[in-house]
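Since this is a predicted model, take the numbers as computed values, not measurements.
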Amino acid sequence: MSTDQTPGSEQVRAYYRLVDAHDVEGLISLFAPDAVYRRPGYDPMRGHDSLRAFYTGARVIESGRHTITSLTAQDDRVTVSGVFEGRLKDGKDVSLEFADFFTLTPEGLFQRRDTFFFAPLV
């Protein structure tokens, strides 16, 4: 088990840097072409086109920053908890905890991501 030194943990850290920087194409490149992303309040997103539509339109977050408080990597799985602070598209400022569960392909791409926020429909 690792907390920092695996390729999967570096891939996950890169994801949060890219999403906070609004680099949609960069973050999508971390996902396998047939990846599935599940997030409460949304239908499962499948594949790059669905992810792109989410990050460029459907996502209710306007801007913000993710801070990782815990990261555990083992085999093809990475589990993260942290805090997101930012602004929603409706102008509301938020600070809330989240948990993410990533499953990676043998090539190190995200095959599946499941997100949970400790708030409704973010």
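Between the OG atom of Ser29 and the CG atom of Leu18 there is a distance of 7.0 Å, given to the nearest 0.5 Å. Taking CD1 of Ile28 as the start and CG of Asp23 as the end, the distance is 9.5 Å to the nearest 0.5 Å. Arg52 CZ to Met45 CE: the interatomic distance, rounded to the nearest 0.5 Å, is 14.0 Å. Here Asp34 contributes atom CG and Leu109 contributes atom CG; the two are 10.0 Å apart, rounded to the nearest 0.5 Å. For the atom pair OG1 of Thr72 and CZ of Phe101, the computed distance is 10.0 Å after rounding to the nearest 0.5 Å. Expressed to the nearest 0.5 Å, how far CD of Gln11 lies from OG1 of Thr105 amounts to 8.5 Å.
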Can you list, pair by pair, the side-chain donor-acceptor contacts under 3.5 Å of residues 57-66, counting residues two or more places apart and other chains?
from	atom 1	to	atom 2	distance (Å)
Arg65	NH1	Thr67	OG1	3.1
His66	ND1	Asp20	OD1	2.6

Discussion item. Pair Leu27, Tyr15 - check side chain to side chain contact (heavy atoms under 4.5 Å, CB included), show working.
Written reply: CA-CA 6 Å; Leu27 72 89; Tyr15 166 80; 4.0 Å; yes

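Note: Phe116 and Phe98 fail the aromatic proximity criterion, with ring centroids not under 6.0 Å apart.
By the side chain to side chain contact (heavy atoms under 4.5 Å, CB included) test, Ile68 pairs with Arg13, Tyr16, Leu71, Val80, sequence neighbours left out. Partners of Arg38 according to the salt bridge (charged side-chain N to carboxylate O under 4.0 Å, His left out) rule, which considers only residues two or more places apart in sequence or in another chain, are Asp114. In this structure, the ring-ring contact (aromatic ring centres under 6.0 Å, His included) partners of Phe31, at least two apart in sequence or on a different chain, are Phe110. Here Thr115 pairs with Tyr37, Arg39, Asp100, Arg113, Phe117 under the side chain to side chain contact (heavy atoms under 4.5 Å, CB included) rule; sequence neighbours left out.
Residue pairs meeting the salt bridge (Lys or Arg N to Asp or Glu O under 4.0 Å) criterion with at least one member in residues 79-90, sequence neighbours excluded, are Arg87-Asp93.
In this structure, Val24 is a member of the same hydrophobic cluster as Val12, with clusters built from ILVMFWY side-chain heavy atoms closer than 4.5 Å.
Of all heavy-atom pairs between Ser95 and Val83, the closest is OG-CG1, 4.0 Å. Nearest heavy atoms, Leu30 versus Ala14: CD1-C, 4.1 Å.
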